[in-house]
Each structure stands twice: as C-alpha cells, then as structure tokens.
Amino acid sequence: MGLGTGAIVVVLMVVAIAFPVINACHPGDRAALLDLKAALNEPYLGIFNTWTGNNCSQSWYGISSDPTTQRVNDIILRGESEDAIIENAGRSGYMTGSLSPSICKLDKLTTLVVADWKAIAGDIPACLTSLPNLRILDLIGNKLTGPIPANIGQLSKLTVLNLADNQISGSIPPSLVNLGKLMHLDLSNNKLTGQLPSDLGKLSMMSRALLNRNQLTGSIPCSIAKINRLADLDLSMNQITGSIPAELGYMPVLSTLNLDSNQISGSIPNSLLSSSGLNILNLSRNSLEGLIPDVFGPKTYFTHLDLSYNNLRGSIPKSLSSTKYIGHLDLSNNHLCGPIPTGSPLDHLGASSFSNNDCLCGLPLRTC
C-alpha cells in the first residue's frame, strides 16, 4: 500500500533530522561571497574557481565557517603566502576590482584579510564598521583609496588593523582611539594627512603603532607615553613638527622609536638616550639642536642609533665609550666638534659615522 502525502512529508522530515545537510553554506553568506567574487578579478591563480557549489566552508579557497552554525567566520585571501596554490604558480598574487559592500552582510565575520593583491582599488566599505565580531581587518598591499571609515571605533573587538601600503587619504578618524582591544596598528605608506589624535594614549593594549610614510602634521601627542605595552612606534617620513616628548623615554617596553625624516625641533630628551629599553632609535633628518645629552652608561644597548642630519652642536659625550653595546651609530651631518671618544663600544665604527661635522677629530677621522 502506498504512502499518503502526509506520511511522505513526515518521512522526509525524519530523514532531514537524521541526515542533515553537511557543511551547507548559509544562503545569505553564500550570496555575499558571490558578490565579493563578482567585484574582483584574479586572472592568474584561479582561486575563485573553487568558489562553486554550496560547501563554502571547506571547498572554497580562503573561507572558513563555524562548524555548528555554518556561518562564515573568516575570509583569508593573501596574494603573498606559502599556500600551495601560490607556490605552485611560481608568482605572487594579482587582483583588480574593488571590495563589495556585500561583505558587510557577513555579520558573523571575525577575520577579514584581503592582502597583497597589488591592484584592488576603490574605497574601504564604510559598512565594515557594523560587523560586531570583527577582530582582524588586514587590507595591506592594495590600491585602496578614500578615507578610513569614520566609525572605525565601533569595532569594539578589533585587535589588528592593517591598512598599510595603499593610497588611503584623509585624516585619522577620532573614533579610532575607541578601539580598546587594538594591539597592532599599521597605517604606513598611505596618503594620510592631519594630526595624530591627541588622545591616542587611550589605545592601552597596543604593542605596535606604525604610521610612517604619510603626510601627517602637528606634534607627537604626549598621551602616547601612557601606552605601557607599546614596543614599536614608527612616525618617520611625515611632516611632524614640535619637540619630542621626554615621556617617551620612560615607556616600560618601548624598544624601537623611529622619528626620522620629519620637521621635529628642540633638543634630544635625556630620557631617550639614558633609556635601558630602547635599542633602536632613529632621530635623523630633523631640525634637532643643542647638545647630545651626556647620559650614556653601562646599561646602554643600542643596535641602531641615528642622530644624523640635524643641527646638533658641541662635543660627542665621553660617556658614549662606557656603553654596553653600540651597533650602528650615525652622528654625521651635524655641527659637532672636538675629539671622538675612544673605547671598545666604538672601535668598530667607520669614518661615515662621524663625517660632515664642523671640527671632529680623532680615529677614525684625522688625528687631533
């Protein structure tokens, strides 16, 4: 005897419960990913050829999903990586097109990496700031233009913001300082203008802040010194003016400070050269003046110390010869005078470390 229509429906429901569709992509997420694909063109590697069928969480290159909900969590598309698809091609990735605002429909997204594709252009979709779970936003190495979304500070879970090596313009949004969990900030090599937010120190979890190679103006905010976890600060190759806050020399874990190629004036704070934590310090190509502080000691350990191309005067401090280690030292192109200190920390240095000063003498230059 055949089954009635109602019985067939019941049987199908039982089968669906007992044998659910495995790894089926959420329909809305799938549609959003296909919009992203449609707005991009990747002609060499064929990564988007894998974006077919319904199993986007496993078979689609660069996509991963929550195994329970099948909602898309991560988009990781790197044009330069050790993935087999790139290594086998023998070339780095190249992609044109733009980032579709449909990405913003992926409301469970925690990681968005579309990096090093060289030619992805257009603006960063402003709606990305509405993604409540986003922790990593990495768009380095493209040709993105336009501003950083004004409401970037709404991304309360963001730990990594990497927009380096693009053509992003405008100022740094004031809301950026609300990213209370941000640990890595890289905005380097863009066209950013305006001043650094005065309350940048609110980013208390940040360990790296790279803002070099932009067109930033104004002074260095003293509040930066409140970021106790900051180990790497790079503000080089901008148009920053004013003096160097002495507070930077008292930061507990700051080991790299690059301020070169700006318009910074005033004297070098004693705290920078007496710091036992700083080991890379580049203050070259500014308008610093006055004496080099005579504050070096047995705990001084610089792998790189560059004070060249400034207006420094007076003699080289004798305490420099008592340092624990000086790797690379450049005091050239200043107005220094007098004898060059001697001692084992300085014995390996060549004449280029001291050249183009007013009247320095002694090895490795001419004798006094």
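In the hydrophobic cluster analysis, where Ile, Leu, Val, Met, Phe, Trp and Tyr join through side-chain heavy atoms closer than 4.5 angstrom, L112 is grouped together with L187. Put simply, L365 and L307 are part of the same group of oily side chains (I, L, V, M, F, W, Y) that touch within less than 4.5 Å, one to the next. The hydrophobic cluster containing I292 also contains L346, counting ILVMFWY residues as joined when their side-chain heavy atoms lie under 4.5 angstrom apart, directly or transitively. The same ILVMFWY cluster, assembled from side-chain heavy atoms under 4.5 Å apart, contains both L144 and L161. L305 and Y309 fall into different hydrophobic clusters, defined by Ile, Leu, Val, Met, Phe, Trp and Tyr side-chain heavy atoms under 4.5 Å apart, directly or through other members.
In this model, no donor atom of one side chain and acceptor atom of the other lie less than 3.5 Å apart for T256 and D232. Residues T145 and N166 have side chains that never bring a donor and an acceptor to within less than 3.5 angstrom of each other. A donor-acceptor contact under 3.5 angstrom links the side chains of D165 and N189, judged on distance only. No hydrogens or angles considered: nothing links the side chains of N151 and T129 as a donor-acceptor pair under 3.5 Å. For the residue pair K118/T96, the side-chain donor-acceptor check at 3.5 Å is not satisfied. With 3.5 Å as the limit, one finds a donor-acceptor pair spanning the side chains of S102 and D35. Residues D83 and Y61 bring a donor and an acceptor atom of their side chains to less than 3.5 Å of each other.
Across all their heavy atoms, I47 and E42 have their closest contact at N-OE1, 3.0 Å. The two atoms that bring P101 and C127 nearest to each other are O-SG, 3.6 Å, heavy atoms only. Here the closest non-hydrogen pair linking P364 and I340 is CD-CD1, 4.2 Å. C104 and L128 make their closest contact through SG-N, 3.4 Å (heavy atoms, listed as atom of the first residue, atom of the second, distance). Shortest non-hydrogen contact noted between L33 and W60 is CB-CZ3, 3.7 Å. Nearest approach of L320 to I326, heavy atoms of both residues: CD1-CD1, 4.2 Å.
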With side chain to side chain donor-acceptor pair (under 3.5 Å) as the test, would you mind laying out the steps for S308 and N333 before giving the verdict? CA-CA 6 Å; S308 64; N333 295 281; 5.8 Å; no
Residues N279, S255; criterion side chain to side chain donor-acceptor pair (under 3.5 Å); working and verdict: CA-CA 5 Å; N279 57 65; S255 61; 4.6 Å; no
Would T110 and D74 count as a side chain to side chain donor-acceptor pair (under 3.5 Å) here? Give the steps. CA-CA 6 Å; T110 62; D74 303 330; 2.8 Å; yes
Go through K108 and N133 one step at a time and tell me if the side chain to side chain donor-acceptor pair (under 3.5 Å) criterion holds. CA-CA 6 Å; K108 300 299 181 182; N133 301 303; over 6 Å; no
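At least one donor-acceptor pair closer than 3.5 Å links the side chain of N190 to the backbone N or O of I168. In this structure a side-chain-to-backbone donor-acceptor pair under 3.5 Å is missing from N262 to I264. Side-chain atoms of D330 come within 3.5 Å of backbone atoms of S332 as a donor-acceptor pair (strictly under, hydrogens ignored).
The only member of L182, I136, L134 that meets side chain to side chain contact (heavy atoms under 4.5 Å, CB included) when paired with T159 is I136.
By the 4.0 Å N-to-carboxylate-O rule, K105 lies too far from D29 to be salt-bridged with it.
Checked against salt bridge (Lys or Arg N to Asp or Glu O under 4.0 Å), D138 has the following partners two or more places apart in sequence or in another chain: R78.
No more than 12 heavy atoms of other residues, nucleotides or ligands shown are found within 6.0 angstrom of CZ on R229.
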